[in-house]
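Only one structure is covered here, and it is reproduced in the block below.
Computed from a predicted structure; not experimentally measured. Both counts, for ligands and for their atoms, begin at 1 and track the order of listing.
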Amino acid sequence: RAKADGRGTYRFFETGMDARAQARRLLEMDLRAAVQRNEFAVYYQPIRDVARDVVVAFEALVRWKHPERGLISPVNFIPLAEETGLVVALGEQVLQVACAEAATWPDDIGVAVNLSPVQFKSPNLVASVVDALALSGLDARRLELEITESVLLQNSEATLTTLHELRALGVRISLDDFGTGYSSLSYLRSFPFDKIKIDRSFVQELSTREDSMAIVRAVTGLGRSLGIATTAEGVENDAQLELLRREGCTQVQGYLFSQPRPASEVTNMLERPRFRASA
Ligand code: C2E
Ligand code: MG
Ligand code: MG
Ligand code: MG
């Protein structure tokens, strides 16, 4: 019985693998074509200064405008884009679009762009940032680049050189999703960061878990001592905002103020004292 089933199971397993591999190949072809046709839209989520209670920047978050499947979230295609290297071309498009759109906003509003570790390692990175700034005319001081801790794990000499080259352009560097990766405090000493972004998993448990509160307090304190700004992401309610304000967190971002919205709504978001998403 086991043997008979074993054979059947084996064949089923093989077919299953095949279907998955094929789905992945199809998605990859789709993604490759999408990068060629530039089927992406950049959405923007406001980042607010806590002390002044105003919007100071927007984070650029990519969406795939799939002709049949509609809007696809980056969590569903960035990993494949990274595996296939397509994220380099995609990331350059996002950077160019975000800089061009930000150049139309008021001068005191910045833009934060996420960089994949794969994109960060590509030899073209610094040149692509220079290009995006030149093409858009955006002042480099208005651009922030968000990198994750995984960038810092590999090849620290080259990483440090790249970070210094970017900062020499006048661009600022943020450490995204802080506390979720292979966080090491020595990164904060070895690499020149302007900002630490506290991951939303800590923010969301602020009022319910003592340990999350302790972590947020430690990170904001660390930022203060090192002269590095701190941004809390994923702020969804007033209780979280109040706790973050009390801890001296520099900036906040989250659905409490707005979900990421298309570029056409940025002006709208700037006009409202405190934009709240309706859904
Ligand atoms: P991230 O850089 O940490 O961006 C923050 C994510 O949290 C965004 O998800 C945002 O919509 C979401 N978020 C913000 N406020 C709240 C909140 O109050 N509650 C909840 N539940 N979520 C909130 P999104 O847009 O789906 O992006 C997911 C991730 O995809 C980003 O995380 C980033 O790692 C990546 N990503 C997005 N755009 C790009 C891009 O252009 N290039 C690269 N390499 N990665 C990108
Ligand atoms: Mg980010
Ligand atoms: Mg983040
Ligand atoms: Mg995140």
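- Neither the backbone nor the side chain of Val42 comes within contact range of ligand 1; no heavy atom lies under 4.0 Å.
- The closest approach between any non-hydrogen atom of Arg63 and ligand 1 is below 4.0 Å.
- Gln251 and Lys197 share no donor-acceptor pair across their side chains, judged by distance under 3.5 Å alone.
- Looking at Arg48, its side chain never comes within 3.5 Å of a backbone N or O of Gln253 through a donor-acceptor pair.
- For ligand 1, the polar-atom distance check against Glu82 finds no nitrogen or oxygen pair separated by under 3.5 Å.
- The closest donor-acceptor contact from the side chain of Gln93 to the backbone of Val35 lies under 3.5 Å.
- Assignment of Lys197 to the shell around ligand 1 is not supported, since no heavy atom sits closer than 4.0 Å.
- Distances from the Mg ion (ligand 2) to each N, O or S atom of Asp176 single out OD2 as the nearest.
- Under the side chain to side chain contact (heavy atoms under 4.5 Å, CB included) criterion, Val118 pairs with Glu82, Val87, Val88, Ser116, not counting sequence neighbours.
- A donor-acceptor pair is defined here as one N or O able to donate and one able to accept, closer than 3.5 Å; no such pair exists between the side chain of Glu28 and the backbone of Thr84.
- With a heavy-atom cut-off of 4.0 Å, Gln119 does not touch ligand 1 at all.
- When distances to the Mg ion (ligand 2) are checked against a cut-off of 2.8 Å, Ser174 contributes no N, O or S atom below that limit.
- Contact annotation for Gln253 and ligand 1: no heavy atom of the residue comes within less than 4.0 Å of the ligand.
- The OE1 atom of Glu146, the Mg ion (ligand 2) and the OE2 atom of Glu59 define an angle of 90° (nearest 10 degrees).
- Close approach of ligand 1 to Asp177 is summarised as follows: ligand atoms under 4.0 Å from at least one heavy atom of the residue are 3 (O).
- Proximity annotation for atom 41 (O) of ligand 1: of Val75, Leu90, Val94, Val88, Val94 comes nearest, heavy atoms only.
- The heavy atom nearest to atom 5 (C) of ligand 1, considering only Gln259, Glu233, Glu236, Gln204, is found in Glu233.
- Aromatic ring orientation, Phe40 versus Phe77: tilted (interplanar angle from 30° to 60°).
- Of all heavy-atom pairs between Glu247 and Thr220, the closest is O-OG1, 3.4 Å.
- Side chains of Asp199 and Ser201: a donor on one and an acceptor on the other come within 3.5 Å.
- Between the side chain of Arg142 and the backbone N or O of Ile109, at least one donor-acceptor pair lies under 3.5 Å.
- Taking every non-hydrogen atom of Val62 and a distance limit under 4.0 Å, the qualifying atoms of ligand 1 come out as 38 (N), 39 (C), 40 (C), 41 (O).
- Short contacts between ligand 1 and Ser116, defined as distances under 4.0 Å to a heavy atom of the residue, involve ligand atoms 44 (N).
- Under a 4.0 angstrom heavy-atom cut-off, Gly91 registers as lying outside contact with ligand 1.
- When non-hydrogen atoms are compared, ligand 1 lies under 4.0 Å from the side chain of Pro260 (C-beta onward) but not from its backbone.
- In this structure a side-chain-to-backbone donor-acceptor pair under 3.5 Å is missing from Arg200 to Glu233.
- For Asp177 atom OD1 and Glu233 atom OE1, the angle they make at the Mg ion (ligand 3) is roughly 120°, to 10 degrees.
- Under 4.0 Å from ligand 1, not a single heavy atom of Thr148 appears.
- Between the side chains of Gln240 and Gln204, no donor N or O sits under 3.5 Å from an acceptor N or O.
- Under a 4.0 Å criterion applied to the non-hydrogen atoms of Val235, ligand 1 contributes the atoms 18 (O).
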